[in-house]
Protein chains: 2
Amino acid sequence: MDQPSRSAGTVRPGGRTARVRAAVMEATQDELVEHGFHGLTMDQVAARAGVGKTTVYRRWGSRAGLVTDLMTELANQSTPHADTGDVEEDLRANALSVLGAITDGRLGATFQAVIAAATCDEQAAGALRVFYLRRIEEWAGVVDLAVKRGELPEGTDGGEVIRAISAPLYYRLVITREPVTRADAERSVARTLAAARAGAFVMPETAP
Amino acid sequence: MDQPSRSAGTVRPGGRTARVRAAVMEATQDELVEHGFHGLTMDQVAARAGVGKTTVYRRWGSRAGLVTDLMTELANQSTPHADTGDVEEDLRANALSVLGAITDGRLGATFQAVIAAATCDEQAAGALRVFYLRRIEEWAGVVDLAVKRGELPEGTDGGEVIRAISAPLYYRLVITREPVTRADAERSVARTLAAARAGAFVMPETAP
DNA sequence: TCCTTAATGGAATTGAAGTTCCGTTAAAAT
DNA sequence: ATTTTAACGGAACTTCAATTCCATTAAGGA
């Protein structure tokens with residue numbers, strides 16, 4: 001068979017190839033919004049994009065390949081962290097951004113699809129991990145700044161704080177499947193901040 | 001076709017029917033451990049259980065039906081919450097129990113499978129929600145006791161505390177897909193407790 | 001013990017997802 | 001403008017999960 005394949009679309013990326021890619025990505029998102037990841041079929045995507053299904057298989061290989069590509073695209077659009085001069089405000093901005101990514105119609109459907117895809121595909125799981133670890137690293141900066149300003153204890157682990165902010169939201173989304181609201185986001189910020197101020201995010205020294 | 005079906009196996013639940021059920025549940029778990037939810041097929045389960053696949057389809061309807069049944073069985077085996085007289089100990093017991101459910105070979109594979117199933121099936125999602133909401137309600141008791149003992153502020157929301165304990169563990173498991181360790185469980189307890197002591201889990205009064 | 005029928009299981013059928021074949025189209029180089 | 005060949009796309013083919021059919025087995029009541 002043709003490879004699942006990073007070879008197609010790289011040598012002549014102009015004109016037609018680019019149009020095909022755009023149409024397929026667009027169609028994939030539309031299908032995700034309407035049917036979710038489990039209802040996504042290569043056939044439907046191809047038809048909707050007005051493209052031969054051979055092409056979709058050749059360039060993306062599988063449903064997971066499609067959502068992985070979509071995720072990679074989102075990763076490149078990610079914005080730098082907030083910097084309002086106040087940790088609480090910055091963390092709130094982060095929480096609301098996560099809330100949006102989860103609940104927002106088109107974007108939310110895409111994220112939820114990638115999460116679903118990650119439960120059954122290594123490639124999608126990898127893309128998801130890379131996306132979030134980058135994002136965590138980026139936003140950890142607001143904690144470092146807060147420490148420098150003396151708002152939080154010396155040694156507070158920024159990455160862990162950022163994880164703690166979004167964890168309850170994803171818990172509701174994936175595990176208990178309760179609605180995720182703005183109030184949940186606000187509460188998460190308040191609780192994480194309380195713990196951080198109490199020094200619960202100060203990591204023990206590991207270096208000699 | 002036959003219904004997906006709650007009618008079969010209910011009128012004559014003795015002898016053969018019970019044996020078939022036990023064999024199928026056993027085989028389902030084995031298959032989940034080896035191939036995960038996405039690699040679970042009705043065919044394989046039937047073969048492994050030494051049972052006609054018609055029977056599996058008739059009684060469980062789909063892969064999601066199988067894992068849902070498994071989940072329901074686990075729900076009935078759930079144990080009462082700890083009561084050591086010390087919130088920290090009790091919450092640690094909860095965190096370690098969650099950790100075990102996630103990482104333990106056979107049990108962990110089953111839970112992860114149900115979580116995966118829930119991303120693409122309403123029935124499985126419902127079973128998952130019921131399971132966790134029950135569990136949360138059960139363990140919320142340790143917080144109520146702690147409040148009575150004066151260890152935590154009056155009005156602390158037990159359900160929210162319990163959710164906060166496990167949220168970071170599931171976040172690592174499902175979203176960033178990092179290994180989940182005992183240290184993560186301990187940290188989660190420490191942080192949640194710090195926030196709780198600071199009153200961050202006291203819910204605003206809603207009654208007049 | 002015998003009878004009724006619930007429940008099972010082997011085998012054939014269906015159908016949709018995935019794959020391959022090969023001719024056609026159009027980038028990009030000359 | 002011409003040539004080369006990357007990339008596309010229609011259609012036939014393959015594969016395997018899901019479904020249906022019907023004969024067989026054995027619970028549970030008389």
Side-chain angles (χ1 to χ4, degrees), chain A residues 1-28 31-32 35-69 116-117 120-121 123, chain B residues 1-28 31-32 35-69 116-117 120-121 123:
Chain A
M1 64 172 266
D2 292 302
Q3 292 311 97
S5 152
R6 234 40 57 199
S7 65
T10 55
V11 178
R12 288 180 180 176
R16 181 170 59 167
T17 295
R19 269 196 309 280
V20 165
R21 190 183 127 80
V24 169
M25 289 290 98
E26 182 80 13
T28 300
E31 287 291 313
L32 286 179
H35 312 295
F37 177 70
H38 77 285
L40 187 74
T41 74
M42 304 293 270
D43 244 319
Q44 281 295 321
V45 169
R48 186 161 202 155
V51 152
K53 77 168 174 165
T54 313
T55 299
V56 179
Y57 277 107
R58 188 162 33 222
R59 288 185 57 183
W60 288 276
S62 67
R63 299 180 305 152
L66 286 171
V67 298
T68 300
D69 198 0
C120 69
D121 181 273
Q123 185 192 9
Chain B
M1 68 173 262
D2 293 300
Q3 292 311 99
S5 146
R6 235 37 61 196
S7 65
T10 55
V11 179
R12 288 180 182 177
R16 181 168 61 167
T17 295
R19 268 193 311 279
V20 165
R21 191 184 126 79
V24 169
M25 289 290 99
E26 183 79 14
T28 300
E31 287 291 312
L32 286 179
H35 313 295
F37 177 69
H38 77 285
L40 187 74
T41 73
M42 304 293 271
D43 243 320
Q44 281 295 322
V45 169
R48 185 161 202 154
V51 152
K53 74 169 176 167
T54 313
T55 300
V56 179
Y57 276 107
R58 186 163 34 222
R59 289 185 56 183
W60 288 276
S62 67
R63 299 181 306 152
L66 285 172
V67 299
T68 301
D69 199 358
C120 68
D121 181 273
Q123 186 192 9

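Because the structure is a prediction, the values reported are computed rather than measured. Chain identifiers are assigned alphabetically (A, B, ...) following the order of the sequence lines, protein sequences preceding nucleic acid strands; residue numbering begins at 1 within each chain.
Look at NE2 on B/H35: it is 15 Å from C1' on D/dA17, rounded to the nearest Å. Whole-Å rounding puts the B/H38 NE2 to D/dC16 C1' distance at 16 Å. If you take CG of B/L40 and C1' of D/dC16, they are 15 Å apart, rounded to a whole angstrom. Rounded to whole angstrom, the span from the CG atom of B/L66 across to the C1' atom of D/dA18 amounts to 14 Å. For the pair B/R59 CZ and C/dT8 C1', the computed distance is 10 Å after rounding to whole Å. Atom-to-atom, CZ of B/R19 to C1' of D/dA26 comes out at 9 Å; the value is rounded to the nearest Å. Nucleotide D/dT19 holds its C1' atom 18 Å from the CH2 atom of B/W60, rounded to whole Å.
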Tabulate atom names and distances for all N/O pairs under 3.5 angstrom spanning the protein and nucleotides 14-16 of chain C.
none

Taking N or O atoms only and anything under 3.5 Å, show me the protein contacts with nucleotides 9-11 of chain D, one pair per line.
| from | atom 1 | to | atom 2 | distance (Å) |
| --- | --- | --- | --- | --- |
| D/dG9 | OP2 | A/G52 | N | 3.0 |
| D/dG9 | OP2 | A/T55 | OG1 | 3.2 |
| D/dG9 | N7 | A/R58 | NH2 | 3.3 |
| D/dG10 | O6 | A/T54 | OG1 | 2.7 |

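Here the side chain of A/R21 pairs no donor or acceptor atom with the backbone of A/R59 at under 3.5 angstrom.
To the nearest 0.5 Å, atoms CZ (A/R63) and OG1 (A/T28) are separated by 11.5 Å.
Within the 4.0 Å cut-off from OP1 or OP2 of D/dT19, not a single side-chain nitrogen or oxygen of B/Y57 is found.
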Show which side-chain atoms of residues 35-47 of chain A pair as donor or acceptor with protein atoms under 3.5 Å away, not counting sequence neighbours.
| from | atom 1 | to | atom 2 | distance (Å) |
| --- | --- | --- | --- | --- |
| A/T41 | OG1 | A/Q44 | N | 3.0 |

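Among B/T68, B/D69, B/V67, the one residue that satisfies the side-chain contact (heavy atoms from CB on, under 4.5 Å) test with B/W60 is B/D69.
In this view, B/A49 and B/A23, B/V24, B/A27, B/V51 satisfy the side-chain contact (heavy atoms from CB on, under 4.5 Å) rule, not counting sequence neighbours.
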